[in-house]
Amino acid sequence: MKLLHRELELAIEAAIKAAQASGELPQFGIPPIPVSAPKRTGQGDLAYPAMGLAKLARMKPLDIARLIGDKLPELDFADDIRVAPPGFINCSIAKDYLARQVDAIIAEGDVLFQLGIGCGKRAQVEFVSANPSGPITIGHTRGAVVGDAMARLLEAAGYSVQREYYYNNAGSQMVKLGKSLMLRYREQLGDEVKFPAEYYQGEYLVEVAADLVAEQGDSLRGEGWEYFRDAAETRMFDWIERSLASIDIRHDAFFNESSLFESGKIWAVLETMRESGHIYEAAYWEGAGEDEIADVESKGYAPATWFRSSAFGDEKDRVMVKSDGVPTYTLPDITYHCDKLERGFDIAVNVLGTDHFSQAQVVRHGIEALGMDPEPIHVIFNQMVRAVRRNEETGEYEAVKQSKRAGDFDTLDDLVEMTSADAVRYHMLARSPNSQLDFDVDQVVKQTNENPVYYIQNAYVRCAGIFREAEERGFDDAGANLALLGEDELAFIGKALELGNVIEQAVVTYEPHKIAFFAQELASVFHPIYDRVRVLHSEVPRETAKARLRFYRAAAVVFQRVLRLMGMSAPERM
RNA sequence: GCCUCUGUAGCUCAGUGGACAGAGCACCGGUCUUCUAAACCGUUGGUCGCAGGUUCGAGUCCUGCCAGGGGCGCCA
């Protein structure tokens, strides 16, 4: 399928060059040509504001637009190209072109609007990356949904995509997890235990402990916390993978932070940074103020190893290796991203919560300190997400309490159980990452028209219903004459042709939520048509019905493609 | 205090420096004898937080305020 925006942009650029060659326009460097879809009817399907050229050409915008309009090469999709004040070029898509796209859409099917911009390139999306110390929370879920949608969109753009999960099972948190499980296990055996407040309080560890007792009895009483840590990790990862699979998310690779220690790579990276003069040993950082120095001296720290990140614009330097010789998380993080870049990805997207903002900056500085180009790395920062419900008395939204009790919507599993995988995916995706997300549990549960999930899926369901009925009646679309399609149907095809542009925009701006809004718009164009444009009614002439059936086949392809890009199912019935 | 995100209709939110500011929900009033009405049609609804600035043109860019979220550890 063609990207009509792009075709028109190229045509306009050619027209400007032609006008420059003939001397009708002066010579100037041609700026980007922004072609967009006008909001209002009567302004065509594609529009270009030529006003931006007025200053460069020192001419009236309307005159420039006329000039470009005259020089535009023949375009097979365009019919009426008009110039409108104060200097717009409006282009309408030809009806016969739209009609021809019905068959083109059906022919492309599952790979509708597969783009070439990532052709031969490799992309990686690192997402979720939750340490195996507990279940997938509602916060992780946003990252999971956004990351997977980003991966699907990159695939649609032609990239070969790897989904990676980075985790750390070696830190102090995992020690705590192991010890927590050990205590829970002994609790289950009836031992009197004191459970420290800083240990993992979650009910899920009690359940794991109960499982262990059921499977092994008291035979584990002699095991140390290491055994329980490993047991906890195995079960947590099982759980995490199962939860993610329940919303159709799977990773291709799991990268263990420990491997960077075992291979010694973190030390090699540290040495490289040291050789280029970005590392120093000191008790406190070079720019420390009196308060900081006093604070450090009161704690009596021995010298630590610092990264002079302030040289890259950071507000202060960062400790890479603590005074006890143990690296902070910063060093392996930098090493991991260094490793990513060495693996040669053209794009490495990292989906993180906004609470990792500072850390991501430090990693970027570290990559620069290694003399590497951080450009392939792009971080999508998701703002906070919380589950809320409306308080019936006050009418205010209130956060659902964070707890492991059933029904409190704290985990991905809870969300899926109370709503559905499709609802979770849609609602988590249908928001700009920059926006905080209040996941309104009660609304998502509702299976009414308040819920856009069903609105979109119902478009596909309605198509499927027509196909079923047509088959029962032995009616098919063989030999359909697409010239019989009306304006309604062609308007939908015109909207569907924007999909390529949406995919491209979502990929270049790293904003996968654009596809969710497009899906909603597409459905809102579809439903009124379904109401008006009937297929299997007695008063519809047979030839018209065939054309319409073919149209709905194309519509179904479009909805299926869009739903899959969002990781949602395309149900045949509801 | 510094960094960052947000502030657009009653609510939840879209919005590539371009044309008269958009959608869903809610509200109000209509549509099922024919492919499932989880739908459709119509009405109502706005000082785009405030104040300046840049521009032919600002919800969009810049500066300063105001309000809210998040981050600023030899924690991960």
Side-chain angles (χ1 to χ4, degrees), chain A residues 32 34-36 38-40 43 47-52 54-55 60-61 84-88 90 131 133 168 171-174 257 283-284 295-296 299 301-306 314-316 318-324 326-330 332-333 353-359 361 381 383-384 386 390 395 397 430-438 440 443 446-455 457-459 461-470 472-473 501 505 509 513-514 516-517 520-521 524 526-532 534-540 548-549 552 573-574:
Chain A
V35 165
S36 60
K39 294 167 198 156
R40 315 190 71 81
Q43 296 171 341
Y48 167 65
M51 290 85 86
K55 188 167 270 183
K60 288 181 183 164
F88 287 98
N90 292 327
N131 289 338
S133 59
N168 170 17
S172 58
Q173 294 304 312
M174 292 301 290
E257 187 199 272
Y284 39 81
D295 183 53
V296 167
K299 287 174 179 164
Y301 282 141
T305 305
W306 294 79
D314 202 358
E315 58 186 336
K316 57 173 290 190
R318 308 284 166 173
V319 170
M320 299 288 269
V321 184
K322 295 186 280 181
S323 48
D324 62 5
V326 178
T328 62
Y329 59 105
T330 305
D333 259 17
T354 181
D355 52 332
H356 289 77
F357 183 83
S358 307
Q359 176 59 11
Q361 298 301 314
F381 290 105
Q383 295 291 321
M384 246 183 53
R386 54 180 196 159
R390 188 194 279 277
Y397 283 102
R431 192 128 324 177
S432 159
N434 286 338
S435 237
Q436 283 175 53
L437 196 162
D438 282 348
D440 184 338
Q443 192 198 318
K446 280 185 194 161
Q447 300 199 353
T448 69
N449 52 3
E450 286 174 57
N451 200 334
V453 176
Y454 304 100
Y455 186 77
Q457 287 182 319
N458 193 31
V461 169
R462 286 180 137 182
C463 292
I466 296 173
F467 305 153
R468 269 198 306 275
E469 186 66 21
E472 265 178 39
R473 300 190 195 180
N501 191 50
Q505 285 301 311
T509 62
H513 71 279
K514 289 183 195 298
F517 286 92
Q520 206 280 332
E521 285 171 21
S524 73
F526 175 87
H527 285 300
I529 295 171
Y530 175 89
D531 234 48
R532 288 192 292 265
R534 299 271 147 168
V535 179
L536 304 166
H537 285 191
S538 48
E539 71 271 23
V540 178
R548 289 178 175 179
L549 183 57
Y552 281 110
R573 302 166 191 271
M574 280 199 180

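In what follows, every chain begins at residue 1, and chains take the letters A, B, ... in the order their sequences are listed.
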query: Can you tell which of A38(B), C2(B), C35(B) lies closest to the side chain of Tyr552(A)?
result: C35(B)

Thr354(A) (side chain) and C5(B) (base): donor-acceptor pair under 3.5 Å: no

query: From Lys316(A) NZ over to Tyr284(A) OH, what is the distance, rounded to the nearest 0.5 angstrom?
result: 13.5 Å

task: Compare the aromatic ring of Tyr301(A) with the six-membered base ring of C74(B) and state whether they stack according to the 5.5 Å and 30° rule.
output: yes

query: So what does Ala430(A) touch, heavy atoms closer than 4.0 Å: a base, only the sugar-phosphate, or nothing?
result: nothing

- request: Output, in order, the C-alpha distance, side-chain angles, deciding distance and verdict of side chain to side chain donor-acceptor pair (under 3.5 Å) for Gln359(A) and Asp333(A).
  value: CA-CA 9 Å; Gln359(A) 176 59 11; Asp333(A) 259 17; 3.0 Å; yes

message: Using whole Å, what does the distance between atom C1' of nucleotide C72(B) and atom CD of Glu315(A) come to?
response: 5 Å

query: Do any N or O atoms from the side chain of His527(A) and from the backbone of Tyr455(A) form a donor-acceptor pair under 3.5 angstrom?
result: yes

- prompt: To the nearest angstrom, how far is Phe357(A) atom CZ from U6(B) atom P?
  reply: 12 Å

Tyr329(A) ring over A76(B) six-membered base ring, under 5.5 Å and 30°: no

- prompt: Among G69(B), A38(B), C74(B), which nucleotide sits nearest the side chain of Met574(A)?
  reply: A38(B)

task: Using whole Å, report how far CD of Gln436(A) lies from P of G68(B).
output: 13 Å

- request: Could you tell me whether C72(B) is syn or anti, where syn means a glycosidic angle within 90 degrees of zero?
  value: anti

message: Strictly below 4.0 Å: does Lys316(A) bring a side-chain N or O up to OP1 or OP2 of C74(B)?
response: yes

task: Indicate yes or no for a side-chain donor-acceptor contact from Asp324(A) to the backbone of Val326(A) under 3.5 Å, with no hydrogens or angles considered.
output: yes

Chi-based syn or anti call at C20(B), which uses purine or pyrimidine torsion atoms and a 90° bound: syn

Charged N-O contact under 4.0 Å between Glu472(A) and Arg468(A): no

- request: Remember a base hit wins even if backbone is also touched, and classify Gly353(A) as base, sugar-phosphate or nothing at under 4.0 Å, heavy atoms.
  value: nothing

task: Could you please name the option among C35(B), A39(B), C74(B) that lies closest to any side-chain atom of Asn458(A)?
output: A39(B)

field: Whole-Å P distance, A9(B) and G29(B)
entry: 25 Å

message: Is the base of A19(B) stacked against the aromatic ring of Phe88(A), taking ring centres under 5.5 Å apart and planes under 30° as the test?
response: yes

query: Does a nitrogen or oxygen in the side chain of Arg462(A) sit under 4.0 Å from OP1 or OP2 of A37(B)?
result: yes

